[in-house]
There are 4 protein chains.
Amino acid sequence: MSRYAEELVDGGFAIEVADAPVLHEGLNVADMAHVLVLRERRVVPDGSARRLLGALMDAVRTPVAEFGYDPAHGEVYNCRERRFAAQIGRDAGWLHAGRPRREAVRIAMRLRVRRDTADLIEAAAQFAHAACERAIEHAETLMAEQTYLQHAQPSTFGHYLLAMVYPVLRDIERLTANLDWVNRSPAGAGGVNGSPLTGDRERMAELLGFDDVIEHTRDAMWQADGFTEVVGTATGLVTTLAKLAEDLEIWCSGEFGYVSLADGHTRTSVLMPQKRNPYALTMIRGEAGVLIGRLTGMLAVAKSPSARSDNLIFAYGEVPRALDLALRATRLMTGVVGGLTVDAERMYAALEGGFSQAADLAEHLMISSGMDYRSAYELVGACVRRAAIDGLRGVDITGEMLDAAARELATADPEWWLRTPVFAGSDLSDVLDPRAIVRSRLSRGGASPDVVRGMAKECLDAAALALSAVRARRAGFDAAESAVLRRAVALVDGSRTPFGELGRTQSP
Amino acid sequence: MSRYAEELVDGGFAIEVADAPVLHEGLNVADMAHVLVLRERRVVPDGSARRLLGALMDAVRTPVAEFGYDPAHGEVYNCRERRFAAQIGRDAGWLHAGRPRREAVRIAMRLRVRRDTADLIEAAAQFAHAACERAIEHAETLMAEQTYLQHAQPSTFGHYLLAMVYPVLRDIERLTANLDWVNRSPAGAGGVNGSPLTGDRERMAELLGFDDVIEHTRDAMWQADGFTEVVGTATGLVTTLAKLAEDLEIWCSGEFGYVSLADGHTRTSVLMPQKRNPYALTMIRGEAGVLIGRLTGMLAVAKSPSARSDNLIFAYGEVPRALDLALRATRLMTGVVGGLTVDAERMYAALEGGFSQAADLAEHLMISSGMDYRSAYELVGACVRRAAIDGLRGVDITGEMLDAAARELATADPEWWLRTPVFAGSDLSDVLDPRAIVRSRLSRGGASPDVVRGMAKECLDAAALALSAVRARRAGFDAAESAVLRRAVALVDGSRTPFGELGRTQSP
Amino acid sequence: MSRYAEELVDGGFAIEVADAPVLHEGLNVADMAHVLVLRERRVVPDGSARRLLGALMDAVRTPVAEFGYDPAHGEVYNCRERRFAAQIGRDAGWLHAGRPRREAVRIAMRLRVRRDTADLIEAAAQFAHAACERAIEHAETLMAEQTYLQHAQPSTFGHYLLAMVYPVLRDIERLTANLDWVNRSPAGAGGVNGSPLTGDRERMAELLGFDDVIEHTRDAMWQADGFTEVVGTATGLVTTLAKLAEDLEIWCSGEFGYVSLADGHTRTSVLMPQKRNPYALTMIRGEAGVLIGRLTGMLAVAKSPSARSDNLIFAYGEVPRALDLALRATRLMTGVVGGLTVDAERMYAALEGGFSQAADLAEHLMISSGMDYRSAYELVGACVRRAAIDGLRGVDITGEMLDAAARELATADPEWWLRTPVFAGSDLSDVLDPRAIVRSRLSRGGASPDVVRGMAKECLDAAALALSAVRARRAGFDAAESAVLRRAVALVDGSRTPFGELGRTQSP
Amino acid sequence: MSRYAEELVDGGFAIEVADAPVLHEGLNVADMAHVLVLRERRVVPDGSARRLLGALMDAVRTPVAEFGYDPAHGEVYNCRERRFAAQIGRDAGWLHAGRPRREAVRIAMRLRVRRDTADLIEAAAQFAHAACERAIEHAETLMAEQTYLQHAQPSTFGHYLLAMVYPVLRDIERLTANLDWVNRSPAGAGGVNGSPLTGDRERMAELLGFDDVIEHTRDAMWQADGFTEVVGTATGLVTTLAKLAEDLEIWCSGEFGYVSLADGHTRTSVLMPQKRNPYALTMIRGEAGVLIGRLTGMLAVAKSPSARSDNLIFAYGEVPRALDLALRATRLMTGVVGGLTVDAERMYAALEGGFSQAADLAEHLMISSGMDYRSAYELVGACVRRAAIDGLRGVDITGEMLDAAARELATADPEWWLRTPVFAGSDLSDVLDPRAIVRSRLSRGGASPDVVRGMAKECLDAAALALSAVRARRAGFDAAESAVLRRAVALVDGSRTPFGELGRTQSP
């Protein structure tokens, strides 16, 4: 029977124990490393250390569901304590030397979150790669840039898509900085003011593959800013992807018909046989919304006095789950982008049917006739309004139509006579040709196909670099964690490692 | 093999299927009721209806984990469709007549949330009950009211505690209004504009124990405002409880020592043997923070065009889980309040050691001497500052000390000679007695013990009323849902119920 | 020179004083009523009361900007205190009798928020009215209902628009309940445990036009739940309007071309002469986002121990400003809906070009041929896919095409021969006619024009009722507040009103 | 009369125009730089350029309130256009060449936010400085570290305070990275796909003192991630300060009495003469809550399709205002920390009265007797419980008491006889001396005074470095902006600067 009130079990421990699946592996590693250090420092007797490591190795082989995590006995750490005591008796008591429960769990959480962060970086880099490839493919696929969903100026689908890559690359940089924060060791903080037992804190950091020690012990134990931050970055990333998803959803409509999703990213209606719903997009948008809430929740939890247990208890599960959701959304959007069918003809038809050349025409009039931009703008505006009424398109505009517009304006303000030269007879075909317009966007970052291809190649390089860096980093985590396990195995197997040898690997 | 891309399964269906446990029961009931109505309306042939109901009864008996919910085959509804088709072949195809998947799930969600809401009302009423009882018990336990954690005026722990009951009673009213919203039927909306197949929408509402039909079919299908609202109310409720928790945490400190938690609501440190941590309180505070995030997430998800699937897909799981968290927090706080040990002596000692009588003294001077309040306040202020320096307490103040204070003030402003009568010799003992002060708070809602006891009794009545009302309501849900099952059983068992008889229970 | 540190002035008082414009009027009324009550209870001498009321009447005539609110001297209340003392000397000191600063400000805030809430109810009712009128006008304007922006089933623009009215009507109900909370009196709470000076709390409530007294004095002083709630309702309301705005924005695109905004609700581009941007819609969407943040901020502020000043200090400005933003958004959307041009032909052309009849066709096959819905759905699905490839539309489907689809399905599964009757020769024109389909949606809440008109009329009635109720309520606030001023004037003018007479005017 | 509907003016333009004060200066600079570039590229005729620059210089001299920003005429940019046209007629029309309104405002916003960010970095560095100095001062001021507000282990106030510096230093690093994002140029993006008119984008970046050009033009125009991020960092910073504020508020209570605020950071009650409320702390806590909401609001606004005007329209005002609030909070906390009075005696008395040595005692028993930690912990726990009942303190524990505890445990489990040596006669005074315990925390980051002083010195260096770096950066902004103005003045004054010369000053 539990010594705890039932409502505490339900309203406290059960909530913590629900996070056992995200903490179990990390706790095994953290506990083993702690015992290794205690043994190196001759705090724990050798036999006890071996028995403890044996129990921990058994924990490694035991799936979470069978481990005996049971809120009736407290939170995750208590459940482990109980199991170890049942297995090896008083020897289990050495595990707690110099270390509060929270230190064990903080380490476990970081071991988990550093992998989650690395996975998200990898997925983001893969998205960037996929989007760049499609951007190169569509560097000449003309499309009207839109603001307020109204046609603005001629551009390309490639230029559009590439605009989604840059924020993702920035998020990769942020996630990398977040990972630097995550991958530092809180170990050796004792009851927050440092522990005389566990000795030099670098040793534990090194064993666990952390990049460094978190300097101040109280900060080491209680800092949560980087956890909030990494969830914030993940939220930002998915919000960017959701913007892409929302654009695509609109362009997937029959009315736009610009793009369509691969079959594997849609689902059918169970009532309406004609429907093929872009389900993937709706999920990504919703996931962005959920993540906004997760981030807000972490901030609200953080609003409390300092060193409050709830600041991190809830983060244990919230952070990995938020990162997992972001990972799924990112992978999904990568698939969607890769599988997208682009209807370049529909895009061009829509562009050609509108007046997206108007600003270029006005600029042309300004340059060629010396009128100020506002005047050129008004003239073109009058011309466009008339053309629209007459069912004409931007490409149909002629010098004669501009002259007619000037006459119209002059009825209200005769100054227009002075302001406007005669345009009749001028050849506007180049000025009005969307392809020529796009080709003219040669300045840095513009829509001209060569500029787009150049940028895309740089982004591809950046993505590739990020990918290889994060994979190397993850390999380092793997190596450190297996080394801990190997040391434990070696000790338990009796092949007593001389302290000196262990010591050698310690420091540079 | 799935027809869906792996990333869609992971980033879409897996997220939906994770909610199968909260939807399974409701879907069984919703599907059975739909078949019953289709049969009543002679849309589905009798034999097919029986076979379908048989498959559904089998679903009722199958635990979620064994049902075969598998994201590779789509979301929850698809998985059911697949299982039923495997069991009974083409007859399963009748289930979709006149009803999109979303209608089934919307109904299931409401069946679930109406219970969750009822449970939370019950728990809130139980909290109110427990807190009222403790308030009555401590109607005469003197304590300094605090603002900014500084002593304000003498009051009682009972008056304090009762102040937590009123917002909870308001939340019960809100939850009851939320339940009215939840317990209405979206059924019969078809593909959003109504269905000619499923006929009069009252029938389905009645079968499922809904209070009414949601009028407009598009609104019926897509409304989510009430779900956000019920999460908002739950968040408000737990935020109130978290305020109580934070107060108690401070008062549990050794420095205050006003209260302590029952053993069953604390936990020990694994490092520090002397500690007995009020863990329950920390969890409640954190839960409030998590809930703020859940609410925000729902609002962020809702920010989209209308009729977007994500608006409700994520709510399916988020709402029941948020309500469950609120339920656990409420029950935990009820336990904490019930188990609290109050150290009336420490409370009184702290009160007696301070100057919480100062405002009453100033009011007394104002009334008795005719000086304006600001002047009386300045005089008492000067007196109190001096007394504090001299190591005296509020109860030690004498008329002589007031006279000394007046003299001190008069050195800067001789007007004080005119303003102040002689106080030496006046008996201030009653004015300064905290008990007398508390007894003087006789106006509506004040701290006088009789007033507190009177309010507590009214609150107890309100809580009792809420409790019996919500229990009756939940009994109604049970009755309706079992009736659906019984009808299904009766039909499957071949005891063919004549339509007429079924019909009789339908209306008025 | 300020006795306060500069950083406290900037980081504290300046923030409070920025809210002087929203509190000034209410403080004048609250202070006058307090003096009137103190005088009635013979706490303050007559002459002092008259001078105080004189200073307050002067405050009424002084615009906020000239009043002398200056953070160097503290927050709003301190600034008033300072001015009154400068004007009338020690007599100003009576103002503080029996009342902390917070009580004055709490009352002022409620006087303000009750008007803001009433204004928002009025605006929401006006939106409902406008939308109903347009819904009636477009009860027969056919449009394809969309989910995932894919055509679902034939419906009408009227049915669509009316779906936005129902949530707004629910928000009106919520706002009305919020107003009930707001319009209750916290007065007479003293230093939180009640005041023996100010006597029966009903008197103050009555003077100020509050519906009732907030029972428990500590709750009366510190409750903030209803302020959060009213901001929550306002946020919900604007989120609904933002959904409408986002739909309209999509439908305003050239590609959809379903609707266009009145000129007065658009703005032009300064660069692109052809653009006419639906600026109103973008603002409403953004306002919903801002409000979500305001609500979250209030919840985060509330997460603290109880009776913390910050819980309400920030609410003083946040609540009125949030309600004002919601009011502007609501009025804007009312204008947009009223000024909307609907292109019924484009809507119909889009509908006719698609396959939104598919589900109705499948239901027809199910009913007429006895096949289960899933089979009928598959058959129609195959038929629709082929028709789409052949460039045909839903209205072009014939019995022969269905037969061809059945043959196609039978090549994979010969069962289809058994399952499918011959359809060649059947007249599907009625089944496929979108108008006939819409007319068939006769059940409660459906899209049939008569049903839509019926609902719209009920909604119009509800809106009218809400409008007249809230206007009556606001008239009551006006009457109470002017009565306070009149009493003050009467007293100051020396026409000493006998207490008895004052008493008589008290009640209805 | 406005061409706009009144509700659009109120619900749209008025909201934008309210941000004129934060945009005015930046717009003047952005417009001048744009004209300078147009002139350099010979797009605008010289005379027109001079007249335009003249109008802009007039704008520089005109206070916002007198400029004529009036929502009836549109948003901020429109109002400027209108004023310039009124002043110089058609010449004003050149301002719009090659640049949409949004580009002007985006630049203005960045000019503003880069200063705001620099100011916040400066304030954060000053906080770090002040806190480090107090930490050094209190490196030997003993205090019980607390978790759950229960005494944990002996530590110092200096160690505690320094723990607040580290997160602030991290936030300074984050803000510096944020500033890198902010201080990049979006200019030259044209209608989003680049402009052929404004030429090489580096020129504009250089003129405005931006570090670099934002590569992709669409991203340049629409990116908002860094604005959300900088608000996120500011929120994190203030949340850390709020934790400190909440701790101090508790320690300011009479019951704790550990610290008190300087008079200039408190305020008095207007009712209760004895109160001296730590008002500064309550404001900081509330400001953290408000900022959480501001961040959430920005995220919610960002949840939309891409390139939506509302994504940045609301940010124009929200970001500078959020940063300003954070600045005020940071400066306030710096003042509070600097002015804090620490009562070392009360801290020590509280520490000495408790049992915070228990873990150290258990570790001592473990090390000295070879018993496992759990056993030592249980023994000490039993001893402490008994001591508490007997009214003894941690420092009073003796070997005899430990023996008695062992006997007590042995009654339930005789194994305790084997496990426990005799402690009677051992000298525990050093083990139990809080000062000795603190001195033993010598490992990296621990509470030992020398370690604390060493860390504080490193932090002081980091703060000083940050301070000088950010001041240099701000000087760079000043220089660039004045140079723009000087160029404009030079041109207007007719001292026609040859293009070549302008070019020469361009680069370092």
Side-chain angles (χ1 to χ4, degrees), chain A residues 3-8 10-12 14-15 74 77-78 81 96 99-101 190-191 262-265 267 269-272 277 279-280 282-298 300-304 308-311 313-314 318 325 328-329 331-332 334-335 339, chain B residues 3-5 7-8 10-12 14-15 74 77-78 81 96 98-101 190-191 262-265 267 269-272 277 279-280 282-298 300-304 308-311 313-314 318 325 328-329 331-332 334-335 339:
Chain A
R3 65 159 280 257
Y4 299 112
E6 191 187 338
E7 62 269 17
L8 188 73
D10 291 346
I15 289 163
Y77 190 89
N78 298 137
E81 185 180 13
H96 318 303
R99 193 186 65 164
R101 113 184 56 201
D263 277 350
H265 301 125
R267 76 175 183 194
S269 160
V270 303
L271 179 68
M272 292 165 278
N277 293 324
Y279 168 68
T282 224
M283 290 306 286
I284 291 164
R285 176 177 47 212
E287 287 156 9
V290 169
L291 283 168
I292 290 172
R294 294 300 186 265
L295 174 60
T296 300
M298 291 197 63
V301 168
K303 187 170 169 281
S304 76
R308 298 305 160 110
S309 302
D310 40 331
N311 288 182
I313 283 177
F314 291 92
E318 291 280 306
L325 187 60
R328 289 167 189 259
R331 287 181 178 161
L332 180 50
T334 305
Chain B
R3 67 158 278 256
Y4 299 112
E7 61 270 16
L8 188 73
D10 291 346
I15 289 162
Y77 190 89
N78 298 136
E81 184 180 15
H96 318 302
R99 192 187 65 162
R101 113 184 59 199
D263 277 350
H265 300 125
R267 77 175 181 193
S269 160
V270 303
L271 180 68
M272 291 164 279
N277 293 324
Y279 168 68
T282 223
M283 290 305 287
I284 291 164
R285 176 177 48 211
E287 287 155 8
V290 169
L291 284 168
I292 289 172
R294 294 298 187 265
L295 174 60
T296 299
M298 291 196 63
V301 169
K303 187 170 168 282
S304 77
R308 298 304 158 110
S309 301
D310 40 332
N311 289 181
I313 283 177
F314 292 91
E318 292 280 306
L325 187 60
R328 288 167 189 259
R331 286 180 178 162
L332 180 50
T334 306

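Labels below follow one simple rule: chain letters A, B, ... track the order of the sequence lines, proteins then strands, and each chain is numbered from 1. Scope of the values below: all heavy atoms of this structure, side chains included, with no hydrogens, waters or symmetry mates. Values in this document were obtained by computation on a predicted structure and should not be read as measured data.
No part of Leu291(B) comes within reach of chain A, as not one of its non-hydrogen atoms sits under 4.5 angstrom from that chain. Contacts of Tyr4(B) with chain A are made by both backbone and side-chain atoms, with heavy-atom separations under 4.5 Å. Only the side chain of Asn78(B) comes within less than 4.5 Å of a heavy atom in chain A; its backbone stays farther off. Neither the backbone nor the side chain of Ile284(B) comes within less than 4.5 Å of any heavy atom in chain A. Looking at Thr282(B), the atoms closer than 4.5 Å to chain A (heavy atoms on both sides) sit in the backbone and in the side chain alike.
Without hydrogens or angle criteria, Arg294(B) side chain to Val290(A) main chain gives no donor-acceptor distance under 3.5 Å. Remark: side-chain polar atoms of Asn311(B) are paired, donor with acceptor, to backbone N or O of Val301(B) under 3.5 angstrom.
With sequence neighbours left out, the side chain to side chain contact (heavy atoms under 4.5 Å, CB included) criterion links Ala329(A) to Val238(A), Glu287(A).
With rounding to the nearest 0.5 Å, the separation of CZ in Phe314(A) from OG in Ser309(A) is 10.0 Å.
Here Pro100(B) is the residue among Pro100(B), Ser269(B), Ala14(B), Gly74(B) with the most heavy-atom pairs under 4.5 Å with chain A. Heavy-atom pairs under 4.5 Å with chain B were tallied for Ala302(A), Gly264(A), Gly339(A); the largest tally goes to Gly264(A). Here Glu7(A) is the residue among Met272(A), Glu7(A), His265(A), Arg328(A) with the most heavy-atom pairs under 4.5 Å with chain B. When the candidates Glu81(B), Arg267(B), Arg308(B) are compared by the number of heavy-atom contacts under 4.5 Å with chain A, Arg267(B) comes out ahead. With chain B as partner, the option from Met283(A), Glu6(A), Lys303(A), Glu318(A) having the largest number of non-hydrogen pairs under 4.5 angstrom is Met283(A). The most heavy-atom pairs under 4.5 Å with chain A, out of His96(B), Arg99(B), Arg101(B), Met298(B), come from Arg101(B).
Taking every heavy atom of both residues into account, Gly289(A) and Ala300(B) meet most closely at O-CB, 3.8 Å. Leu325(A) and Ile15(B) get closest at one heavy-atom pair: CD1-CD1, 3.5 Å.
Inter-residue side-chain proximity for Tyr279(B) and Asp310(A) is flagged as unmet; no heavy-atom pair is nearer than 4.5 Å.
A donor-acceptor contact closer than 3.5 angstrom is absent between the side chains of Arg331(A) and Thr334(A).
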